[in-house]
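Have a look at the structure below, then the notes.
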Amino acid sequence: MAAIQNPPRDGEVARSAGGGSPSLRRPEVYEARKARRAMSLPEVLLWQRLKGSPQGIAFRKQHPIGRYRADFYCAAAKLVIEVDGAAHDMGDRPQRDVERTIGLERQGYRILRVPAADVLRDADEAAQSIVAFAARPLHHASGMVPLPVNGEDV
């Protein structure tokens with residue numbers, strides 16, 4: 001005997017039509033959601049301090065960027081924060097990290113790598129450093145002040 005299904009309610013999509021959240025049909029979003037539930041201890045400690053937009057700067061955790069997933073991301077500063085544990089020193093990981101950094105920088109992202117040991121030693125200080133780095137304007141990232149455009153007052 002076949003199960004009886006109720007018809008979809010207003011605004012719902014029929015289940016046979018492949019309903020569900022469109023974001024769940026994107027594998028990178030699904031994987032990011034899964035990773036948010038399985039963060040490492042240093043990531044959890046940082047997130048406890050970065051959530052809630054400290055100093056008005058918003059952060060996201062396990063944010064997908066193309067084929068990559070940032071441990072933390074600040075959209076306002078286009079800043080990717082990576083928490084690097086011991087695994088980042090093993091095998092081909094160092095080379096993969098370099099390639100990932102280059103790829104993200106080519107897309108205009110800034111990358112900040114934070115050793116997991118530093119977070120475990122003093123999570124408050126690590127979070128404050130991240131917030132301070134994110135608060136720096138993008139055009140001052142190199143330490144150089146841009147020259148005024150013709151017609152602008154000095």
Side-chain angles (χ1 to χ4, degrees), residues 13 15 17-154:
V13 176
R15 292 176 193 202
S21 171
S23 63
L24 289 178
R25 288 184 252 145
R26 292 180 36 216
E28 64 276 10
V29 173
Y30 176 77
E31 290 300 319
R33 287 181 177 173
K34 206 164 75 171
R36 289 178 195 131
R37 293 186 298 268
M39 293 192 326
S40 68
L41 177 59
E43 291 170 340
V44 169
L45 292 172
L46 270 181
W47 181 241
Q48 289 172 340
R49 288 150 179 86
L50 295 177
K51 68 181 177 182
S53 304
Q55 297 179 20
I57 299 172
F59 292 91
R60 300 174 188 162
K61 62 181 178 175
Q62 302 299 326
H63 179 72
I65 301 173
R67 64 184 193 138
Y68 303 114
R69 185 176 59 246
D71 291 336
F72 300 99
Y73 177 65
C74 175
K78 208 165 180 187
L79 175 65
V80 172
I81 300 109
E82 290 297 315
V83 180
D84 290 347
H88 286 266
D89 297 331
M90 298 178 183
D92 67 340
R93 275 306 281 278
Q95 181 59 35
R96 286 183 11 215
D97 285 347
V98 167
E99 291 168 4
R100 174 185 165 133
T101 297
I102 291 169
L104 289 169
E105 285 176 342
R106 282 185 182 147
Q107 295 177 55
Y109 295 97
R110 295 189 298 165
I111 315 300
L112 179 61
R113 295 195 167 276
V114 179
D118 290 355
V119 176
L120 292 171
R121 190 178 310 81
D122 190 343
D124 290 326
E125 183 180 329
Q128 288 170 1
S129 297
I130 291 168
V131 171
F133 190 86
R136 291 194 334 212
L138 289 175
H139 61 276
H140 291 163
S142 66
M144 296 180 66
V145 178
L147 297 174
V149 179
N150 287 342
E152 285 186 348
D153 289 335
V154 181

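Keep in mind that what you see is a predicted model, and the values were worked out from it rather than measured. Note that these values count all heavy atoms, side chains included, but never hydrogens, waters or copies made by symmetry.
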- Can you see which heavy atom on Val131 is nearest to which on Pro54, and at what distance? CG2-CG, 3.7 Å
- What distance do Arg96 atom CZ and Thr101 atom OG1 have between them, rounded to the nearest 0.5 Å? 12.0 Å
- More than 12 heavy atoms of other groups within 6.0 Å of Gln107 CD: yes
- Rounded to the nearest 0.5 Å, the CD1 atom of Ile81 sits from the CG atom of Asp71 at a distance of 9.0 Å
- Message: Minimum heavy-atom separation for Ala77 and Ala134, please, with both atom names.
- Response: CB-O, 3.4 Å
- First locate atom CD of Gln128, then atom CD1 of Ile130, and finally report the distance between them rounded to the nearest 0.5 Å. 10.5 Å
- Message: As a quick check of understanding, evaluate side-chain contact (heavy atoms from CB on, under 4.5 Å) for Ile102 and Glu99, giving each step before the final call.
- Response: CA-CA 5 Å; Ile102 291 169; Glu99 291 168 4; 5.8 Å; no
- Between Val114 and Asp84, is a side-chain contact (heavy atoms from CB on, under 4.5 Å) present by the stated rule, with each step listed? CA-CA 6 Å; Val114 179; Asp84 290 347; over 6 Å; no
- Indicate the atoms forming the closest heavy-atom contact of Glu43 with Phe72, along with that distance. O-CZ, 3.3 Å
- Residues Arg100 and Asp97 bridged, charged N to O under 4.0 Å: no
- Item | Parallel, tilted or perpendicular: ring planes of Tyr73 versus Tyr109, cut at 30 and 60 degrees | perpendicular
- Item | Minimum heavy-atom distance Ala70-Val80, with the two atoms named | CB-CG1, 3.6 Å
- Message: Are Leu120 and Leu41 packed together at the side-chain level, in the sense that at least one heavy-atom pair is separated by less than 4.5 angstrom?
- Response: yes
- Item | Interatomic spacing from CD1 in Ile111 to CZ in Arg113 - rounded to 0.5 Å | 7.0 Å
- At what distance, to the nearest 0.5 angstrom, does CE of Met39 lie from CG of Leu45? 9.0 Å
- Query: How close do Ala123 and Leu46 get, heavy atom to heavy atom, and via which atoms?
  - Reply: O-CD2, 4.3 Å
- Atom pair NZ/CZ of Lys51 and Arg49 - distance to nearest 0.5 Å: 10.5 Å
- Query: For Arg110 and Arg136, which heavy atoms make the closest approach, and how far apart are they?
  - Reply: NH2-O, 3.7 Å
